[in-house]
Amino acid sequence: TDLANISAKSLTPVIAANDKVYDGATAATLSSQIVSGVIGSEVVTLTVGSATFDTKDVGTNKTVTASGLSLGGADAANYVLGPASATDSASISAKSLAPAIVADDKVYDGTTAATLSSQTVAGVIGSEVVTLAVSAAAFDTKNVGTNKSVTASGLSLGGADAGNYVLGAATAADLASITQASLTITAATNSKVYDGTTTA
């Protein structure tokens, strides 16, 4: 008789990463985590400590790396992990932002032109910098009225973090009023020769 050793069989960790909407973080989730190379129907599972995208920013086919790997299951003692990490590709899509405006009331001026006291976007993550630019704002009609619809169009995003966001709507609306314009009445009078009356 002789003695010999049986060494653990090396397994390859395999992950499938999920796409996600931009959330300002590199954290990734996995739809599956398995090991390749298990013999027959033996039970060996893969546990993942964490999974992260290469950067937090929007992009397609971004690298996702799973680390803190370990084996589990009834037959895990007969196996060892080959690589210490596993990778896959997934995408981060832009987060949708809702544009919001605050329109100013105005005095009737014969046009539909409107001015805005503010133009913002809702849904920006943390202290990231995203601004809203508006190319035009107009009342629904030029006429006097209260709670009239004002629509802002030609919207676009700006700011240092704008690349990770997209506008959820092409326009934004608010209510404002057009009040009546005051008129000043003036009269031009002619001089006359005295005729004993007050008629002008």
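Keep in mind that the numbers below use all heavy atoms, side chains included, and drop hydrogens, waters and symmetry copies.
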Margin query: As an exercise, state the distance from OG1 of Thr47 to CG of Leu69, rounded to the nearest 0.5 Å.
Written below: 9.0 Å
Next item on the list: Using the rule that two of Ile, Leu, Val, Met, Phe, Trp, Tyr join whenever any of their side-chain heavy atoms come within less than 4.5 Å, decide whether Val38 and Ile34 are in one cluster.
Entry: no
Margin query: Would you say Ser67 and Ser50 are linked by a side-chain donor-acceptor pair, where the criterion is simply a distance under 3.5 Å?
Written below: yes
Margin query: Phe139: which residues meet the ring pair (Phe, Tyr, Trp, His ring centres under 6.0 Å) condition with it, sequence neighbours left out?
Written below: none
Notebook entry, point to check: Do Leu11 and Val80 come close enough that some side-chain heavy atom pair is under 4.5 Å?
Noted result: no
Next item on the list: Under the side chain to side chain contact (heavy atoms under 4.5 Å, CB included) rule, what do Leu157 and Val121 come out as? Steps first, then yes or no, please.
Entry: CA-CA 9 Å; Leu157 296 177; Val121 279; 3.7 Å; yes
Item checked: Nearest-0.5 Å distance, CD1 of residue Ile101 to CG of residue Leu132 -> 9.0 Å
Next item on the list: Flag the pair Lys95 / Ile125 as yes when at least one side-chain heavy-atom distance between them is below 4.5 Å, and no otherwise.
Entry: yes
Notebook entry, point to check: Do the side chains of Val35 and Leu30 join up, straight or via other hydrophobic residues, at under 4.5 Å, putting them in one cluster?
Noted result: yes
Notebook entry, point to check: Is the closest basic N to carboxylate O distance between Lys9 and Glu42 below 4.0 Å?
Noted result: no
Below 3.5 Å, can you tabulate the donor-acceptor pairs from side chains in residues 175-183 to any protein atom, sequence neighbours excluded?
| from | atom 1 | to | atom 2 | distance (Å) |
| --- | --- | --- | --- | --- |
| Ser177 | OG | Asn147 | N | 3.4 |
| Thr179 | OG1 | Lys106 | O | 3.4 |

Item checked: Residue pair Leu97 / Val130, side-chain heavy-atom distance below 4.5 Å -> yes
Note to self: Ignoring hydrogens and geometry beyond distance, is a side-chain donor-acceptor pair present between Ser89 and Lys62 at under 3.5 Å?
What the structure shows: no
Notebook entry, point to check: Is there a side-chain contact between Asp174 and Val102 (heavy atoms, below 4.5 Å)?
Noted result: yes
